[in-house]
Number of protein chains: 2
Amino acid sequence: MQRLPLYLQCLDGLAAGTSLISSEDLAAEAGVNSAKVRKDLSHLGSHGTRGVGYDVEHLRFQIQTELGLTKDRAVVIVGLGNLGRALANYDGFTERGFSIVGLFDADPRKIGDTVDDIEVEPMEALPAAVGERGAEIGIITTPARAAQEVASALADAGVRSILNFAPAVIHVGDDVEVRRVDLSTELQVLSFYLHRNE
Amino acid sequence: MQRLPLYLQCLDGLAAGTSLISSEDLAAEAGVNSAKVRKDLSHLGSHGTRGVGYDVEHLRFQIQTELGLTKDRAVVIVGLGNLGRALANYDGFTERGFSIVGLFDADPRKIGDTVDDIEVEPMEALPAAVGERGAEIGIITTPARAAQEVASALADAGVRSILNFAPAVIHVGDDVEVRRVDLSTELQVLSFYLHRNE
DNA sequence: ACATGTGAAGCGCTTCACAGCG
DNA sequence: CGCTGTGAAGCGCTTCACATGT
């Protein structure tokens, strides 16, 4: 089901006039097999029209519903180095229904800075802020050494989903979903493919 | 083989004195099954010692060799918005043997800016720069609408691996490896899990 | 005794191929 | 006639379990 956001992105990239799309065309756009597309979409009870294809607008709505994108999600970011600041300013989040409701950093010199009109708060303010503002997702953009402590703090505060950009593996309870995005890992995988063809 | 960078990261995170590690311990650290670790490591002819475990330093060397991390890789970044600038400044790249050899942007106002001591050049300079500086990897941090054009330009210039942060699906020839990192997609997947438990 | 390395079984995802429907 | 929806086959990854080696 990790492909649904990909499909959504493909639908967004379609020419403005397109109101119908076949599984074949969507598959080509997404770079996957068309049977896979049909199976994925059938899982959401998506009734396309046989002989015609899928209604783009309806499909978009169904995917958004399945992903729980119909309501806004409150997000906090911990660690306002270059990456944290870039994410705080990233329009793509707000455009897709993710509201940033808090920025936190352990460095006293950064407290009080404003990034994207939001004030940076100290770590001590995190637990209360998460509860009061209903934050469900935490983004970690700290150095590796701070990542585990921050993850635990987020989990304790009630955050149930963590997106970890720190180059460290973090461990939390089973009730918290963690996704790891490591920039160096991505380059290393590319390096592997380059190396393979040498 | 996408797990090798993860293992490498776990090895980096180990306490300083640790010179031996069992598949069980490494698996726990990485959050995977221990049989998987052994199978992965056996694929690189990694001879651990039965009854003892793996030599951490030797293992690290073997993984780095397998990933082709023994030589530096030259990287160019296209698109110097917030994210591009954050990546240009990201120490993790240089620490792991990836050298940034060029920064490019289509916006004339950004040309000549320096980011991390590197000057931003216009898109027209890309083809020659990639060839002269031996760039093998291109990072795309442009808006979605520019991503395809930039990807094609990179491929034409001779780049064989692309890391795409733009929220768009790009299409290139089979001789170019593309990895997609979409920040919104990550949040959408987390949203799905949140939604699932509601 | 203990941990690796690995056949073999298991499992889920992917792909095929076609029946069913518009 | 065209495209969806889906059983069934295929395929690769994961996991088990144990023989092997130190």
Side-chain angles (χ1 to χ4, degrees), chain A residues 1-8 10-11 14 18-63 65-67 169 174 177 179-180 185 189 192-193 196, chain B residues 1-8 10-11 14 18-63 65-67 169 174 177 179-180 185 189 192-193 196:
Chain A
M1 287 303 126
Q2 318 244 343
R3 279 185 301 272
L4 291 178
L6 173 63
Y7 298 151
L8 205 49
C10 291
L11 294 178
L14 249 40
T18 324
S19 67
L20 282 169
I21 190 164
S22 69
S23 61
E24 198 88 33
D25 290 351
L26 182 53
E29 193 59 36
V32 301
N33 182 293
S34 69
K36 200 187 280 186
V37 170
R38 290 199 295 279
K39 202 143 254 181
D40 288 344
L41 298 188
S42 74
H43 278 305
L44 23 129
S46 163
H47 281 257
T49 315
R50 293 177 193 231
V52 180
Y54 298 89
D55 181 89
V56 171
E57 212 42 62
H58 181 61
L59 189 52
R60 183 180 282 140
F61 174 75
Q62 281 190 306
I63 294 178
T65 304
E66 178 74 9
L67 291 174
V169 181
D174 289 345
E177 184 73 27
R179 286 184 70 85
R180 174 177 169 274
T185 292
V189 173
F192 170 76
Y193 289 116
R196 185 172 248 249
Chain B
M1 288 302 125
Q2 317 245 342
R3 277 185 302 270
L4 291 180
L6 173 64
Y7 297 151
L8 205 49
C10 290
L11 294 178
L14 248 42
T18 324
S19 68
L20 281 170
I21 189 163
S22 69
S23 60
E24 198 88 34
D25 291 351
L26 182 53
E29 194 57 39
V32 301
N33 182 294
S34 69
K36 198 186 281 184
V37 169
R38 290 199 296 278
K39 203 144 252 179
D40 288 343
L41 298 187
S42 74
H43 278 305
L44 23 128
S46 162
H47 281 256
T49 315
R50 294 178 194 232
V52 180
Y54 298 90
D55 182 273
V56 171
E57 213 41 63
H58 181 60
L59 189 53
R60 184 180 280 139
F61 175 75
Q62 280 189 305
I63 295 178
T65 304
E66 177 75 9
L67 290 174
V169 181
D174 289 346
E177 183 72 28
R179 287 184 69 84
R180 173 177 171 274
T185 292
V189 173
F192 170 75
Y193 289 116
R196 185 172 249 249

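Hydrogens, waters and symmetry mates play no part in the numbers below; they use all other heavy atoms, side chains included. Throughout, a chain's letter reflects where its sequence line sits, starting with A, and its residues are numbered from 1.
Taking 4.5 Å as the limit, some side-chain heavy atom of A:Ile63 sits within range of a side-chain heavy atom of A:Leu11. Within the 4.5 Å cutoff, the side chain of B:Leu44 has heavy atoms near those of the B:Leu4 side chain. Residues B:Ser42 and B:Arg38 are not in side-chain contact: their nearest non-hydrogen atoms beyond the backbone lie 4.5 Å or more apart. A heavy-atom distance below 4.5 Å is not found between the side chains of B:Thr185 and A:Leu8.
Atom pair B:His58:NE2 and C:dT4:P shows a separation of 14 Å (rounding to whole Å applied). Straight-line distance from the CG atom of B:Asp25 to the P atom of C:dC2: 14 Å, rounded to whole Å. Between the CG atom of A:Asp40 and the P atom of D:dG5 there is a distance of 12 Å, given to the nearest Å. Taking atom CG of residue A:Leu41 and atom C1' of nucleotide C:dT14, one finds them 15 Å apart after rounding to whole Å. In this structure, B:Glu24 places its CD atom 19 Å from P of C:dA1, rounding to the nearest Å. As a whole-Å value, the separation of A:His47 NE2 from C:dG22 P is 11 Å. The distance from atom CG of B:Leu44 to atom P of C:dG5 is 10 Å, rounded to the nearest whole Å. B:Arg3 has its CZ atom 16 Å from the P atom of D:dG12, to the nearest Å.
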| For every nucleotide of nucleotides 15-22 of chain D, 5' to 3': is a protein heavy atom under 4.0 Å from its base (B), only from its sugar-phosphate (S), or from neither (-)? | BBB--BBS
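When each of B:Ile21 and A:Val52 is assigned the nucleotide of DNA chain C bearing its nearest heavy atom, the one mapping closer to the 5' terminus is B:Ile21.
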| query | What do the steps show when you test B:Leu41 against B:Tyr7 for side chain to side chain contact (heavy atoms under 4.5 Å, CB included), and what is the final call? | reply | CA-CA 10 Å; B:Leu41 298 187; B:Tyr7 297 151; 4.2 Å; yes
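For the side-chain hydrogen bond (donor to acceptor under 3.5 Å, both in side chains) condition, the pairs that include at least one residue of residues 51-62 of chain A, sequence neighbours left out, are A:Asp12-A:Arg60, A:Ser46-A:Gln62, A:Glu57-A:Arg60.
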